[in-house]
2 protein chains.
Amino acid sequence: MVTTQTRPAAAQQRTRMAVIDCDIHPAPKSPKALHPYLSERWRKHRDTIGDRGFAGAYYPRANPNAARTDSWPPSGLPPGSDLDFMRYQLLDAWNMDFGVLQPLLGGGAQLNHEYAAALSSAINEWQIAEWLEPEPRLRSGLVVAYEAPDLAVAEIERRGDHPGFVQVMLGIRTSEPMGRRKYWPMYEAAVAHDLPIGIHFGSQGGHPITGAGWPSMYVEDHAGMSTAFQAQVISLICEGAFEQFPSLKIVLIEGGFAWVPPLAWRLDSAWRKLRDEVPHLQRRPSEYLAEHFWFTTQPMEEPPRASEFVELLDQASWLQDRLMFSTDYPHWDFDAPDQALPKTRLPAGFPEKLMAENARALYKLPTRAPE
Amino acid sequence: MVTTQTRPAAAQQRTRMAVIDCDIHPAPKSPKALHPYLSERWRKHRDTIGDRGFAGAYYPRANPNAARTDSWPPSGLPPGSDLDFMRYQLLDAWNMDFGVLQPLLGGGAQLNHEYAAALSSAINEWQIAEWLEPEPRLRSGLVVAYEAPDLAVAEIERRGDHPGFVQVMLGIRTSEPMGRRKYWPMYEAAVAHDLPIGIHFGSQGGHPITGAGWPSMYVEDHAGMSTAFQAQVISLICEGAFEQFPSLKIVLIEGGFAWVPPLAWRLDSAWRKLRDEVPHLQRRPSEYLAEHFWFTTQPMEEPPRASEFVELLDQASWLQDRLMFSTDYPHWDFDAPDQALPKTRLPAGFPEKLMAENARALYKLPTRAPE
């Protein structure tokens, strides 16, 4: 359910259930906001050369940071950049236990890998100093130069044990399918630090999103991004990443989840016919899917009949323990906590798990003290 | 349901229902089998330069033409190349009303577009002379140089009215998403000749199949090909192909269909938020999907519980009129007619529609005279 309406704080309905928001996008206050966290060499690089990536854009330009029209703080700062206003409009307004940040600042996918590593470190230090330390309800993803896994490993070693970071953060559009050996050292380091890998909608790896080239329109990227998620699930499973790293956990953020049962059917069917090609797989593909993947809810799946949502939960009942609520604040396609659940009879305990408890368990977040 | 077992003809169970097979792959008897249908200029080209396409392969090499181990004719010819043996093993064995050929001989996707057009014409003449005229139960797809739509239009004008051709044939992996204007002249010609566009698994357009590059394994292409189909559906709908050509019909061959309801939900949801970008769309994306698309069954969707197949038919009830049985003969992942339907209570009339009547209606095939 989507709302982009301005909701006066006084009128906002407190949800009775605990809420943990697994997809919040913090923004820098200005183009130079990361400078204090960069060395002189990379400050100069950022000022003179700047960011370079592959072509492609997934966000409409009508608003900076693809923001809700009501998300501009009274301070005049850009949407998502003002912690006080984020508290007012999101954390306090919905009485959230915790919120998990996903900074989308291009740190991981820079073509210049050394700059990617420096920018990732700067984003992480900026997160610690300006978000995680001032606000105990916030957690975040550790940004890493994931196309240069040796540099990603170094960042995980450097900051992976900071209590504010609850996962390692990647974009879904990588330069090679994510199951390939190139990325394994990064998974090994994440597992060693007990961190899931969180993979967010977007980014860019040099390849068009479809098997037939570049689509013309944003709406195609938006609706089609779930195919990129499906492809990464296939790759991670088929390449044997979960045999190599049995405790590896993957969080798919903003990629949907209604595609999970059909993909599981298809993967199992292909595996039954072609298992000689993947002798390293000890189990059916759907078993790895059920054991190793988590999903955030926004954009929520909205079948025309709410009963179809229940069928989906029945077809992959393990999803009840793996779906995690998210708003995508302050983005334009925000899902409000009181509108996220389908209006139908849901399995007992499932709403609580979706709204907070699945995330609390995965990210090892404490039960919030009574106020 | 898959069988690659040899079934002696005497033991083969006749299905009570009429059967029309919508995906049969004829093969040339030898590398020079197309020569009689090529001009001297292109015969020489084929002998000296040969086929050239983008990289990538989707079929295992264990058997030529990815064939069932029992599909080698006693004549010693390659699988799928002997019409008498195809009659014995497929058309007669299963008492089929009709079979629709899908020649996968690389005609459409050659990088040399003039050669693509010559090769396509040769394949079509070979089909008429060696398959369609000798066997009245066979129909086929008209092969065209679809990456050079002007040449494709010329071939549709040249041979589109031959009664043996019931659709224009494309591969799912094109060089641009299929909704783009480049391909519109071809759709215009197909509609003018009252021919659906049939789009088969495979081919190559120069792009990796995933948004993150080339997967390592065949099993990934096999399971992931449905993402290429999803992307083409998104493109055709969003670009407005069905507003431009209201009678355009698309047949998706060997791409699955369990992904249809989740894709419809996601497309409608994206469209509700972003319809300003696609003002040419007069209806919800799911309405175009329900009106313009047909699907063949092989490889059949095989949910772990047959009841989930019924849920799928309920979520997109129009699919009951759009699913068309296919075997993929002589390929290794053949679906036998007596094993294609899930073993569960299906909607009344649906088995007959799936096994023959949907294809009979779409392709305007006659009711078979009693024997």
Side-chain angles (χ1 to χ4, degrees), chain A residues 2 60 172-180 205-220 222-228 230-232 234-235 238-239 256 258-259 261-263 265-274 277-278 285 299 301-304 308 311 315 332-333, chain B residues 2 60 172-180 205-220 222-228 230-232 234-235 238-239 256 258-259 261-263 265-274 277-278 285 299 301-304 308 311 315 332-333:
Chain A
V2 171
I172 196 68
R173 302 278 298 279
T174 46
S175 288
E176 296 185 26
M178 282 185 178
R180 286 169 65 85
H207 305 290
I209 191 169
T210 86
W214 299 93
S216 312
M217 283 171 286
Y218 172 63
V219 65
E220 296 177 80
H222 194 81
M225 193 66 74
S226 66
T227 64
Q230 293 169 54
Q232 299 287 27
I234 293 170
S235 175
C238 291
E239 296 272 6
W259 47 265
L263 181 67
W265 305 344
R266 172 123 319 209
L267 262 177
D268 282 357
S269 167
W271 170 80
R272 280 193 293 272
K273 297 169 202 162
L274 295 163
E277 194 190 18
V278 282
E301 303 289 359
E302 300 177 282
E308 291 166 347
E311 287 172 0
Q315 289 176 1
W332 62 283
D333 46 353
Chain B
V2 172
I172 196 68
R173 303 277 298 278
T174 45
S175 289
E176 295 185 27
M178 281 184 179
R180 287 169 65 86
H207 305 290
I209 191 169
T210 87
W214 299 93
S216 313
M217 284 171 287
Y218 173 61
V219 65
E220 297 177 77
H222 194 81
M225 194 66 74
S226 66
T227 65
Q230 292 169 54
Q232 298 287 27
I234 292 170
S235 174
C238 291
E239 296 272 6
W259 48 264
L263 181 67
W265 305 345
R266 172 124 318 210
L267 261 177
D268 282 357
S269 168
W271 170 79
R272 279 193 294 271
K273 297 169 202 163
L274 294 163
E277 194 190 18
V278 282
E301 303 288 359
E302 300 177 282
E308 291 165 348
E311 286 172 1
Q315 289 175 2
W332 62 282
D333 45 352

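To find a chain, count down the sequence lines: A is the first, B the second, and so on, and within it residues start at 1.
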- Query: Where on B:Q232 is there a heavy atom nearer than 4.5 Å to chain A: the side chain, the backbone, both, or neither?
  - Reply: side chain
- Query: Can you name the side chain to side chain donor-acceptor pair (under 3.5 Å) partners of A:S226, sequence neighbours left out?
  - Reply: none
- Message: Going by side chain to side chain donor-acceptor pair (under 3.5 Å), name the residues that satisfy it together with A:E220, two or more places apart in sequence or in a different chain.
- Response: none
Among the listed options [options], the residue most often paired with chain B at heavy-atom distances under 4.5 Å:
options                        : value
A:T210, A:L267, A:I172         : A:T210
A:A223, A:G256, A:G211, A:A212 : A:A212
A:Q230, A:R272, A:Q315         : A:Q315

- Query: Between A:T174 (side chain) and A:P177 (backbone), is there a donor-acceptor pair under 3.5 Å?
  - Reply: no
Of the listed residues ([options]), which shares the most heavy-atom pairs with chain A below a 4.5 Å separation?
options                        : result
B:P215, B:A228, B:G224, B:P299 : B:P299
B:M217, B:E176, B:E239, B:M178 : B:M217
B:S216, B:S235, B:A231         : B:S216
B:P208, B:G179, B:P285         : B:P208
B:P303, B:P261, B:A258         : B:P303

- Query: Roughly how far apart are A:I234 CD1 and B:I209 CD1, rounded to 0.5 Å?
  - Reply: 8.0 Å
- Query: So, for B:K273 and A:W332, which heavy atoms are closest and what is the spacing to 0.1 Å?
  - Reply: CB-CZ3, 3.2 Å
- Message: I need the minimum non-hydrogen distance between A:W271 and B:V219, along with the two atoms involved.
- Response: N-CG2, 4.3 Å
- Charged N-O contact under 4.0 Å between B:R266 and A:E302: no
